[in-house]
Amino acid sequence: MTAKAIREKLYALADKQKAEGLQRFFKTGPGEYAQGDRFIGVQVPQIRKLVKAYPDTALNDIKWMLYSDVHEERLLALLLMVQQYQGGNIECRRSRYKLYLASTEMINNWDLVDVTAEHIVGAWLFERSRKPLYKLAGSESLWERRIAIMATFHFIKHHEFEETLKLAVLLRDDKHDLIHKAVGWMLREIGKRDRQVEEAFLQQHYRVMPRTMLRYAIEKFPEKLRQDYLKGNV
């Protein structure tokens, strides 16, 4: 199945009314973080069905879709990359990882990052040098910084927390709310697995970290402890 044929199937699912709602939800207006992004109104479960239906899509066709100006088409391409990475040999995984990092300008909204970064970037770097994460974390690109922290979700799921904590320090003073949310989320995921590790980090940083980051990090804490953190009484 070629990219053109898959694209036709994707566009057949388009819904103008849903597209308008997605445009608002994903902040595509002037001055917003996804300014100019274009939606056609296809739901994620529908996209995932297409991914399952065409697992052997050629990498060149995936790349063609990844460089589309349509958000759902980019999501489809990225999910195909994840599926192929997870089922592929070392050369398949390497090529998907390389394409991913070469195409970060197209991975330009939080949903695109969050459903893919751990499965490709995190999975590839798990047994390799973590230096690429720090390059991403130091980028001027909001999305590359989010890729860096979200990639470590793969490490967290393997009970490895060090890289997440180091990146959380680097990104603690980031100016963007979407980074605050992502870092707080990853700290919360650490806490689900080892509360002591998360609280040791919070003891050093909670009084100076952005409020949104803190709220995300302590969301699952017992209510009294959560309030103590919010009031600075820990």
Can R211 and L230 be said to form a side chain to side chain contact (heavy atoms under 4.5 Å, CB included), step by step? CA-CA 8 Å; R211 200 68 167 176; L230 292 173; 3.6 Å; yes
Working for side chain to side chain contact (heavy atoms under 4.5 Å, CB included), residues L165 and L187: CA-CA 8 Å; L165 297 174; L187 292 173; 3.8 Å; yes
Y229/F221 under ring-ring contact (aromatic ring centres under 6.0 Å, His included): CA gap, chis, key distance, verdict: CA-CA 10 Å; Y229 270 104; F221 281 16; 5.7 Å; yes
For side chain to side chain contact (heavy atoms under 4.5 Å, CB included), just list the numbers for Y97 and L125, CA-CA rounded to whole Å, side-chain angles, deciding distance to a tenth of an Å, and then say yes or no. CA-CA 9 Å; Y97 168 76; L125 297 179; 3.5 Å; yes
Side chain to side chain contact (heavy atoms under 4.5 Å, CB included) between F161 and T152: does it pass, once the steps are laid out? CA-CA 8 Å; F161 310 135; T152 69; over 6 Å; no
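Close placement of the F126 and H158 rings is indicated, their centers lying within 6.0 Å of each other.
Y85 and W124 share no donor-acceptor pair across their side chains, judged by distance under 3.5 Å alone. Counted by atom type alone, Q227 and E223 present one or more donor-acceptor pairs between their side chains at under 3.5 Å. In this structure, a donor-acceptor pair under 3.5 Å is absent between the side chains of Y206 and E199. T28 and Q23 share a side-chain donor-acceptor pair at under 3.5 Å.
Residue L171 comes nearest to M213 through the heavy atom pair O-CE, 3.9 Å, listed as atom of the first residue, atom of the second, then distance. In terms of heavy-atom proximity, A182 sits nearest to R146 at CB-NH1, 3.7 Å. In terms of heavy-atom proximity, V70 sits nearest to S68 at N-OG, 2.9 Å. Closest approach of I218 and E198 over heavy atoms only: N-OE2, 4.3 Å. Listed here is the closest heavy atom pair of A148 and L133: CB-O, 3.5 Å. In this structure, A102 and Y67 approach most closely via the heavy-atom pair O-OH, 3.4 Å.
The salt bridge (charged side-chain N to carboxylate O under 4.0 Å, His left out) contacts involving residues 19-40 comprise D37-R74, R38-D69, where partners must be two or more places apart or lie in separate chains. Here salt bridge (charged side-chain N to carboxylate O under 4.0 Å, His left out) pairs that include residues 98-111, with residues two or more places apart or in two chains, number zero.
Put simply, OG1 on T212 and CD1 on I179 are 12.5 Å apart, with the number rounded to the nearest 0.5 Å. In this structure, OG1 in T164 is found 9.5 Å from CZ in F153, a value given to the nearest 0.5 Å. We find the CG-CE distance between L76 and M81 to be 12.0 Å, quoted to the nearest 0.5 Å. In this structure, CH2 on W110 lies 15.0 Å from CD1 on I147, to the nearest 0.5 angstrom. Taking CE from M209 and CD from Q204, the interatomic distance works out to 10.0 Å, rounded to the nearest 0.5 Å. Here the CD1 atom belonging to I107 is positioned 7.5 Å from the CG atom belonging to L101, to the nearest 0.5 angstrom.
Considering only heavy atoms from C-beta on, V82 comes within 4.5 Å of I120 through its side chain. Contact of the L75 side chain with the T116 side chain is not registered, since no non-hydrogen atoms from C-beta on lie closer than 4.5 Å. Side-chain contact check for H119 versus Q86: some heavy-atom pair is nearer than 4.5 Å. For the pair I40/L10, a side-chain contact is recorded, criterion being any heavy-atom separation below 4.5 Å from C-beta on. In this structure the side chain of D15 never reaches within 4.5 angstrom of the side chain of Q43, judged on heavy atoms. The shortest side-chain heavy-atom distance between E162 and F155 does not fall under the 4.5 Å cut-off. Considering only heavy atoms from C-beta on, W143 comes within 4.5 Å of L178 through its side chain. By the 4.5 Å heavy-atom criterion applied to side chains, T57 and Q84 are counted as neighbours.
The closest donor-acceptor contact from the side chain of R145 to the backbone of A137 lies at 3.5 Å or more, if one exists at all. Here the side chain of S103 pairs no donor or acceptor atom with the backbone of Y100 at under 3.5 angstrom. N109 contributes no side-chain N or O that, together with a main-chain N or O of L112, makes up a donor-acceptor pair within less than 3.5 Å. Q83 contributes a side-chain N or O that, together with a main-chain N or O of V51, makes up a donor-acceptor pair within less than 3.5 Å. Judged by distance alone, with hydrogens and angles left aside, the side-chain atoms of S141 form a donor-acceptor pair with the main-chain N or O of E144 at under 3.5 Å. Looking at R96, its side chain never comes within 3.5 Å of a backbone N or O of L78 through a donor-acceptor pair. The backbone N or O of V121 sits nowhere less than 3.5 Å from a side-chain atom of H154 that would complete a donor-acceptor pair.
V208 and M186 fall into different hydrophobic clusters, defined by Ile, Leu, Val, Met, Phe, Trp and Tyr side-chain heavy atoms under 4.5 Å apart, directly or through other members.
None of L50, L22, V44 except one satisfies the side chain to side chain contact (heavy atoms under 4.5 Å, CB included) rule with E72; the exception is L22. Under the salt bridge (charged side-chain N to carboxylate O under 4.0 Å, His left out) test applied with D228, the options K224, K231, R226 reduce to a single match, K224.
Salt-bridge check for R193 with E189: passed, with a basic side-chain N closer than 4.0 Å to an acidic carboxylate O. Using a cut-off of 4.0 Å between Lys/Arg side-chain N and Asp/Glu carboxylate O, R130 and E160 are scored as salt-bridged. Taking the charged nitrogens against the carboxylate oxygens, E118 and K157 do have a contact shorter than 4.0 Å, which makes a salt bridge.
At most 12 heavy atoms of other shown residues, nucleotides or ligands fall within 6.0 angstrom of atom NZ in K131. Within 6.0 Å of atom CD in Q35, more than 12 heavy atoms from other residues, nucleotides or ligands are found, so the atom counts as buried in its surroundings.
Taking the six-membered ring for Trp and thresholds of 30 and 60 degrees, H71 and F39 have nearly parallel ring planes, at less than 30 degrees apart.
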